[in-house]
There are 2 protein chains.
Amino acid sequence: MHKIPGFGFIGSQYVSKTAAQPVSEFEYDAPSMKTPVPGPKSKLSPPPHSLFISQNVGAVNFFCNYEESRGNYLVDADGNRMLDLYTQISSVPIGVSFPSLFSQTAFVNRPALGILPPENFPEKLIESLLSVAPAGMTRVQTMACGSCSNENAFKAMFIWYKIKERGASGPSAEEMSSCMINQGPGCPDLSILSFMGGFHGRTMGCLATTHSKVIHKLDIPSFDWPIAPFPKLQYPLEQFVRENAQEEARCLEEVEDLIVKWRQKGKPVAGIIVEPIQAEGGDNHASHDFFIKLRNIARKHGCAFHVDEVQTGGGTTGKFWAHEHWGTGDPADIVSFSKKMLTGGYYFKDELQPDKGYRIFNTWMGDPSKNVFLSEVLNVIRRENLLEEVTRSGKALLQGLYELQAQYPHLLSRARGLGTFCAIDARDDVTRDNLILKTRDKGVLLGGCGEMSIRFRPSLVFKEYHAHQFLNIFNDVLAEYK
Amino acid sequence: MHKIPGFGFIGSQYVSKTAAQPVSEFEYDAPSMKTPVPGPKSKLSPPPHSLFISQNVGAVNFFCNYEESRGNYLVDADGNRMLDLYTQISSVPIGVSFPSLFSQTAFVNRPALGILPPENFPEKLIESLLSVAPAGMTRVQTMACGSCSNENAFKAMFIWYKIKERGASGPSAEEMSSCMINQGPGCPDLSILSFMGGFHGRTMGCLATTHSKVIHKLDIPSFDWPIAPFPKLQYPLEQFVRENAQEEARCLEEVEDLIVKWRQKGKPVAGIIVEPIQAEGGDNHASHDFFIKLRNIARKHGCAFHVDEVQTGGGTTGKFWAHEHWGTGDPADIVSFSKKMLTGGYYFKDELQPDKGYRIFNTWMGDPSKNVFLSEVLNVIRRENLLEEVTRSGKALLQGLYELQAQYPHLLSRARGLGTFCAIDARDDVTRDNLILKTRDKGVLLGGCGEMSIRFRPSLVFKEYHAHQFLNIFNDVLAEYK
């Protein structure tokens, strides 16, 4: 247990050791201006700041040096020192770098990233999120969590769709006045197509695309948006090649029908959202071919294609993004992430960039301290070849699950997975819940998903020997199970 | 600049100094179980864990000791060591307490707070958020940001409204099946009443209650929810006592009319949301009497009363919550917060607690590292009597603004404020924007709000002498202004 500078660690309580120090002793005396604002170092033109176009920069005022900022004074990248009466849109409680908060500024001083980013933020993005950008995407927008990421990705698709529709002309006076009272044409009847069994979060936009469990949705108002069937594959896959191909074709046909139907209803589909593997909904897989064809349908009908990698991203399938398994250099228009990425956000193609600043915006827009951690996580993944390890331990895990389902066919079926992102079905929901609890009492934590599935979600340091540890314990549980 | 243990600070780049260490060297060999799970220390019954009912506990599996947890092994409060194949709903990238991430576990190990909270989390809540709970509220739900806080507060109000309507009976089969496809009766046509000029966030539920600027709302689908006028007070207040009272009465009458009208439309109002001072919308104030009467109207019609203190909370008005100025011991049913509180979330009354776990839920549900900071922020606020300081410096600021508007009546009007939460109007939007930029070039940061207002949002360490510093500089800008 390391100590945080400035904090003593007494029992489980942090107690400040720093003597009371009035603000006048650690901050500056007065403003001190060296250049007009934004000064040359705050300009977006030279690199690496020019690469910052990967974010929405329309609202950026200037870049900040949070390490030199103190108390009521914000220092910008050019060394201008300003008395701050706006304080990150009113979100700083006791001034910048208060002495008794330890002074690792990325952790203590949370900026309003959309308007006053730290001066090293473009570099931090390049060494963290942009270093693992999906194929065809050079832009990323950070957000605080997975739901906010999907909500804002939806907004980016709606904005893109309407800009495309308007062409060169701006919004009409009627659009501008009607949107203020939630009415069309300013708030248009656009929709997002999602899949039955999908899970994309629980805020009200996301929730309208989530269809995995009643408890998520009951009593919450929603939107009349189209919902397509997701393929229900039969296992083992090699025995049902023809049936599964037919099932996928049926679902894709339904997607096209729904797009046409909703256009006719006056609620055109601006985007399609899909998980590469439906996770919360039961670890439902589809073929790589299914996803490529789905993307093509989106393109054909002028819909954006949004791949939600909140649960599948970050290496757990043996590739950094699950969509890499599809083998295409153009997987999607938007890819959202969170969870293992430590920060939420979404990558997007140039054309999904809104035409103005402040259209995709909030106070924090993520948390740069999470990018510091992510940089180190990516270092470790590369240094220790963790994706290869995941592939290896995932094979051991899946092979073991195949053996267990052969041995206990009355209890288990449909073992499936990619990397360590594996699942197996129990005979029913009660058996599934019991197996999870009995395995936990022997020291292994598992999760459930869908109606009767067990999902495996180890982190990237899960090795082959951990897989065997689990399989031995699970075998004991199954052997004892009545 | 302190260094983080385990990180060297080279230029602006963090580089890990810890030698590569395989996971097998720092984690445990095998599971080790001492009690069934949850064990006695993970039970919710004895205090302080019993106080944890202040959160939604329906989904909590057990309490965790993250400091003893390593790599693939999660240790619970009873010392049970489990191989973790679920990893905070798949959100841990490289195991727990990876050595080259410095080991202040509250920062490194972000738990899925809703299911696997740290064992000291109830204590942390008590010493941070619960120590400043609004009158009449003993429960709090943390969230990642202000929008998520309001979205989930809306959901809590919808759930509360429907439970009240159903009485003893559970949801019908039709409700359970229809909600999965976004249709009624499972996804009911309930609404939230909001005010023109209000701002409550930008995710799709929140955005339907936000009505301050076109750029927030254009092109985003919305809900047909009622929008009431917010009082437009005339200044100086003492000259327009009768007119302002009439204006407030008119708005309250409209609120009641809208509630009745939307009930007749089949879209009953489940809750009313309001800011104690409309901030983004232009620092629009109303009397304390207005808010008490509004709360009474909500009660009369069976609507929950939600006070959004995201911008006004945390001490900036001279009281910890702006609603304390109303002088009632029962200000609201829900109070949401974010920004200065460092974490998002909302306080709520017992009856707003959902009937089941997992109804209000997401992976992270906040970030306990922010509570560590908040505890220290609250220590500082108390130790240094910062609320008194805010009252004192706010008076100096407002008095100075009165003098400036008297001196420059062609440029400024309507100075107003509570604590340092002050604003003043410029003659038009162009003048407002110019004044902000000219003041910035002399070293003071200000924000705009509404159509032509300047808003002042210093942090709590803003002293009287800072107010005078600003007033002198602003006076220079105004004197030079053509």
Side-chain angles (χ1 to χ4, degrees), chain A residues 2 4-5 12 23 31 33 36-37 72 82-87 90-95 103-104 120 144-145 151 155 158-159 162 176 179-180 182 187 190 203-205 211 214-215 217-222 311 339-340 358 377 380 440-441 443-447 456-461 466, chain B residues 2 4-5 12 23 31 33 36-37 72 82-87 90-95 103-104 120 144-145 151 155 158-159 162 176 179-180 182 187 190 203-205 211 214-215 217-222 311 339-340 358 377 380 440-441 443-447 456-461 466:
Chain A
H2 292 275
I4 307 176
S12 64
V23 65
M33 302 303 288
V37 180
N72 290 278
M82 290 167 266
L83 182 65
D84 188 0
L85 279 80
Y86 195 39
T87 62
S90 196
S91 66
V92 179
I94 53 171
S103 69
Q104 213 310 313
N120 68 355
C145 70
E151 288 273 339
K155 288 172 62 174
F158 291 134
I159 291 168
K162 291 303 287 186
M176 292 200 282
C179 79
M180 292 296 281
N182 297 12
C187 292
L190 294 175
T203 47
M204 291 184 72
H211 318 281
V214 167
I215 201 158
K217 292 181 66 79
L218 183 70
D219 298 339
I220 315 299
S222 194
Q311 189 150 169
K339 292 196 185 248
K340 282 193 179 56
Y358 290 108
V377 163
V380 172
R440 188 170 83 176
D441 279 341
V444 178
L445 278 186
L446 302 170
F456 304 94
R457 296 291 185 272
S459 80
L460 307 181
V461 297
H466 295 109
Chain B
H2 292 273
I4 306 177
S12 63
V23 65
M33 302 303 288
V37 179
N72 290 277
M82 290 167 266
L83 182 66
D84 188 0
L85 278 81
Y86 196 40
T87 62
S90 196
S91 66
V92 180
I94 53 171
S103 67
Q104 213 310 315
N120 67 357
C145 70
E151 289 273 338
K155 288 171 65 172
F158 292 134
I159 291 168
K162 290 302 288 186
M176 292 201 281
C179 80
M180 292 296 281
N182 297 12
C187 292
L190 295 175
T203 47
M204 292 182 71
H211 318 281
V214 166
I215 201 158
K217 293 181 65 79
L218 183 69
D219 298 339
I220 314 299
S222 194
Q311 189 149 168
K339 292 195 185 250
K340 283 193 178 56
Y358 290 108
V377 164
V380 173
R440 188 169 85 177
D441 279 341
V444 177
L445 279 186
L446 302 170
F456 304 93
R457 297 290 185 271
S459 79
L460 307 181
V461 297
H466 294 111

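Note that the coordinates shown come from a computational prediction; the quantities given were computed from them, not determined experimentally. Throughout, a chain's letter reflects where its sequence line sits, starting with A, and its residues are numbered from 1.
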When only pairs under 4.5 Å are counted, which of [options] shares the most heavy-atom pairs with chain B?
| options | result |
| --- | --- |
| A:Gln311, A:Lys340, A:Glu151, A:Met204 | A:Lys340 |
| A:Leu85, A:Leu83, A:Asp84 | A:Leu85 |
| A:Ile215, A:Leu190, A:Leu445 | A:Leu445 |

For side chain to side chain contact (heavy atoms under 4.5 Å, CB included), just list the numbers for A:Lys162 and B:Leu218, CA-CA rounded to whole Å, side-chain angles, deciding distance to a tenth of an Å, and then say yes or no. CA-CA 9 Å; A:Lys162 291 303 287 186; B:Leu218 183 69; over 6 Å; no

Exam field: side chain [X] to backbone [Y], donor-acceptor pair closer than 3.5 Å:
| X | Y | value |
| --- | --- | --- |
| B:Asn72 | A:Val461 | yes |
| A:Asp441 | B:Val37 | yes |
| A:Thr87 | B:Arg457 | yes |

Applying ring pair (Phe, Tyr, Trp, His ring centres under 6.0 Å), name anything that partners B:His211, two or more places apart in sequence or on another chain.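 In terms of ring pair (Phe, Tyr, Trp, His ring centres under 6.0 Å), with neighbours along the sequence ignored, B:His211 is linked to no residue.
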
Go through the structure and list residues passing ring pair (Phe, Tyr, Trp, His ring centres under 6.0 Å) with A:Phe456, not counting sequence neighbours.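 Expected list: A:Phe470.
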
For B:Ala144 and A:Cys145, work out which heavy atoms get closest and say how close.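 Result for this residue pair: CB-CB, 4.5 Å.
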
Quick check on the interface: out of B:Val444, B:Ile220, B:Leu460, B:Thr203, who has the most heavy-atom pairs with chain A under 4.5 Å?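 Greatest number of close heavy-atom pairs with chain A: B:Ile220.
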
Nearest 0.5 Å please: distance from the CE atom of B:Met176 over to the NZ atom of A:Lys217.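 If I round to the nearest 0.5 Å, the distance is 15.0 Å.
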
Give, as side chain, backbone, both or neither, the part of A:Met33 having an atom under 4.5 angstrom from any heavy atom of chain B.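 For A:Met33, the side chain is the part near chain B, not the backbone.
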
